[in-house]
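Below: the structure, in structure tokens.
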Amino acid sequence: MRPALAALHRYAGLLMAGFLIVAGVTGSALAWKDELEAAMLPAVFRVAPPTPGAAPLDPLLLRESIAARFPQAQVSYAPLSAPPGHSMVFYLRPAAGAVPADNEVFVDPYTGAILGQRAWGDIRQGAINLLPFIERLHYALALGDTGLLIFGLIAIVWTIDCFIGATLTFPARLKKRSPTSKPWLLRWRPSWLLRRHGGSYKLVFDLHRAGGLWLWPMLLVFAWSGVAFNLYGAYAAVMRPLFPHQPAEEVVARHTPSTAPHMDWHAARTQARVLMAQLARSEHFAILEENALAYERELGVYSYKVRSSRDVRAQYGLTTVYFDAASGTQLAAWLPTGAASGDSIRSWISALHMASMWGWPYKLFVCILGVLVAGLSVTGVLVWRRKRLGQAKARALSH
């Protein structure tokens, strides 16, 4: 069994190496995405109040202004807050067959001035799309749906290989026990350590083996969350039979839009706040910040997101209520944690993957982890190459 597992680990590693090097290096940069964009283009991503204590404009008035400026687009998502010192971003969707040249617009929340716009991920626009392009490389090699599928399959292989790699570090089963035999944990202990005086090959081998063990929990988190991001169907096929999930998405997808007039954005926000307050009381959580109101015209549904005490993310909460756009009747709600264990797991692994919690110390950890993931791939290839050269030399000597 062990030789078969070793072969699987070897060839899975060779298959994944290039992809994980790209994912690791780009992921290190993406841990600081907001900070890097603000540093590169402060005129677009940074804002300051015109006077001390000035209040931002009503986000729904800003949405109306953007909709008037871009009549060829739908502005069906309204951010209701932005991190202090940051511009507010509005998303443009095609309307009436017209496709807007750009799909993101950055607005000064104090004045309503447009600070910049971009077609997300189009590197031809220059620095304003550098980090989005790196993000496209990170999850799809900038190859669109094809790259998304490939990276999803790699994430599945990586998840399985996490368990194979860990198993290969276990000490071999003793053929015969004796009174002097060491306990299993003591025999496993060398797998966690580096041999300082064993030569370059042993050092590379130990870096690969021990590094994989020390980082194993986070490697599994990043691998499995990668499946959730890129191939949600495969992720759900495993997780849904094992863990309960909230049915909010399914309920909303089945909703038939009413033919009655739909409420406007201001009335929808008022109703959304009432529904969220009711939900907070019944589910015993605190509302920390409202984040967004969105309108799904085809379904006749408004969704309202806040960051609550049920969220694990430090920004952009996912606590959500969905309600009928005509009657205001609540259709469903979704809580990131505490309602269904399957959703709690997904919330945690997603937030860990995206470095969206615990502030700069965790961002630094993820940045370093990305480099180490690339390093594990490099050391794996070096170990394979050394063994291959040794086998070739042995065959030459035998002839």
Mind checking whether Trp192 and Trp188 have parallel, tilted or perpendicular rings, split at 30° and 60°? perpendicular
Side chain to side chain contact (heavy atoms under 4.5 Å, CB included) assessment of Phe285 paired with Leu279: CA-CA 8 Å; Phe285 65 82; Leu279 182 67; 3.8 Å; yes
Would you say Val221 and Trp348 make side-chain contact, with heavy atoms under 4.5 Å? no
Leu36 vs Leu30 side-chain heavy atoms within contact, under 4.5 Å: no
With a cut-off of 6.0 Å (strictly less than), are more than 12 heavy atoms of other residues, nucleotides or ligands near CZ of Phe170? yes
Sub-3.5 Å donor-acceptor pair from the side chain of Arg307 to the main-chain atoms of Tyr316, do we have one? no
Are Trp224 and Leu153 connected in a single hydrophobic cluster, I mean Ile/Leu/Val/Met/Phe/Trp/Tyr linked by side-chain heavy atoms less than 4.5 Å apart? yes
In Tyr91, Trp120, Phe90, Phe45, the residue satisfying ring pair (Phe, Tyr, Trp, His ring centres under 6.0 Å) with Phe106 is Phe45
In terms of side-chain heavy atoms, does Tyr322 have a donor or acceptor partner in His255 at a distance below 3.5 Å? no
Val204 and Leu215: same hydrophobic cluster, using ILVMFWY side-chain contacts below 4.5 Å? no
For Asp102, is there any backbone N or O sitting under 3.5 Å from a side-chain donor or acceptor partner on Gln117? no
Please answer: with hydrophobic residues joined when any side-chain heavy atoms are less than 4.5 Å apart, are Tyr232 and Tyr139 in the same cluster? no
Are any of the side-chain heavy atoms of Lys363 and Glu35 separated by less than 4.5 Å? yes
Report the C-alpha separation of His262 and Arg297 in whole Å, then their side-chain angles, then the decisive distance to 0.1 Å, and conclude whether the side chain to side chain contact (heavy atoms under 4.5 Å, CB included) test is met. CA-CA 9 Å; His262 290 183; Arg297 184 185 302 273; 6.0 Å; no
Ignoring hydrogens, what is the shortest heavy-atom contact between Ala355 and Val366? Give both atom names and the distance. CB-CG2, 4.0 Å
Please determine which of Leu62, Val89, Ile66 meets the side-chain contact (heavy atoms from CB on, under 4.5 Å) test together with Val105. Ile66
Taking every non-hydrogen atom, the tightest pair across Val25 and Ala374: CG2-CB, 4.2 Å
Taking the side chain as every heavy atom from C-beta outward, state whether Leu376 and Leu219 have any pair of such atoms under 4.5 Å apart. yes
Would you indicate whether Arg69, at its atom CZ, is surrounded by more than 12 heavy atoms from other residues, nucleotides or ligands within a distance under 6.0 Å? no
Arg388 atom CZ, neighbour heavy-atom count above 12 within 6.0 Å: no
Do the side chains of Leu231 and Phe151 get nearer than 4.5 Å, heavy atoms only? no
Side-chain donor-acceptor pair under 3.5 Å between Ser191 and Thr169, yes or no? no
Here the pair of heavy atoms bringing Gly338 nearest to Ser344 is N-OG, 3.2 Å
Check: Asp161 side chain, Ile164 main-chain N or O, donor-acceptor pair, under 3.5 Å: no
When you group the ILVMFWY residues by side-chain heavy-atom contacts below 4.5 Å and let the links chain together, are Val312 and Val306 in the same group? no
Residues 129-137 side chain polar contacts: donor-acceptor under 3.5 Å, at least two apart:
unit_1, atom_1, unit_2, atom_2, d
Asn129, OD1, Gly121, N, 2.8
Asn129, ND2, Ala119, O, 2.8
Asn129, ND2, Asp122, O, 3.1
Asn129, ND2, Gln125, OE1, 2.8
Arg136, NH1, Gly121, O, 2.9
Arg136, NH2, Ala142, O, 3.2

Looking at Arg195, I want to see if its CZ is surrounded by more than 12 non-hydrogen atoms of other residues, nucleotides or ligands under 6.0 Å. yes
Show the nearest heavy-atom pair for residues Gly226 and Ala155, with the distance to one decimal. C-CB, 3.8 Å
Looking at Arg2, I'd like to know if its CZ atom is crowded, meaning that more than 12 non-hydrogen atoms belonging to other residues, nucleotides or ligands lie closer than 6.0 Å. yes
Hey, mind stepping through Asn103 and Arg93 against side chain to side chain contact (heavy atoms under 4.5 Å, CB included) and telling me if it holds? CA-CA 7 Å; Asn103 52 30; Arg93 294 175 58 187; over 6 Å; no
Are any non-hydrogen side-chain atoms of Phe323 and Val274 less than 4.5 angstrom apart? no
Should side-chain heavy atoms under 4.5 Å link Ile, Leu, Val, Met, Phe, Trp and Tyr, which residues sit in the same cluster as Phe229? Met354
Salt bridge check, Glu290 against Arg269: does any charged N sit closer than 4.0 Å to a carboxylate O? no
Is there a donor-acceptor pair under 3.5 Å between the side chain of Thr146 and the backbone N or O of Gly144? no
Smallest heavy-atom separation, Ala260 atom then Ala326 atom, equals O-CB, 4.0 Å
Just by modelled atom types, is the Ala286 backbone N or O under 3.5 Å from a matching donor or acceptor in the Ser309 side chain? yes
Side-chain H-bond candidate by donor/acceptor type, Thr329 with Asp324, under 3.5 Å: no
Between Asp311 and Gly317, is there a donor-acceptor pair closer than 3.5 Å when you use the side chain of the first and the backbone of the second? no
Quick one, Phe243 and Arg346 - any side-chain contact, counting heavy atoms below 4.5 Å? no
Are Glu64 and His266 close enough that a side-chain donor and a side-chain acceptor fall under 3.5 Å? yes
Just wondering, do Arg386 and Phe205 contact through their side chains at under 4.5 Å, heavy atoms? no
Of the non-hydrogen atoms in Val252 and Ala332, which two are nearest, and what is the gap between them? CG2-CB, 4.5 Å
Please confirm whether the backbone N or O of Ala113 pairs with a side-chain atom of Asp108, one donor and one acceptor, at under 3.5 Å? no
Just verifying a value: how many Å separate Thr319 OG1 and Ile287 CD1, rounded to the nearest 0.5 Å? 8.5 Å
Is a side-chain N or O of Arg187 found less than 3.5 angstrom from the main chain of Pro171, in a donor-acceptor match? no
Are the aromatic ring centres of Trp265 and Tyr302 under 6.0 angstrom apart? yes
Does CZ in Arg385 sit with more than 12 non-hydrogen atoms of other residues, nucleotides or ligands closer than 6.0 Å? no
If hydrophobic clusters are built from ILVMFWY residues whose side chains come within less than 4.5 Å, do Tyr77 and Val107 share one? no
Is a side-chain N or O of Ser65 found less than 3.5 angstrom from the main chain of Leu61, in a donor-acceptor match? no
Salt-bridge test for Lys33 and Glu37: reply yes if a basic N is under 4.0 Å from a carboxylate O, no otherwise. yes
Does Glu249 have more than 12 heavy atoms from other residues, nucleotides or ligands lying within 6.0 Å of its CD? no
Check whether Asn291 reaches the backbone of Lys305 with its side chain - one donor and one acceptor, N or O, closer than 3.5 Å. no
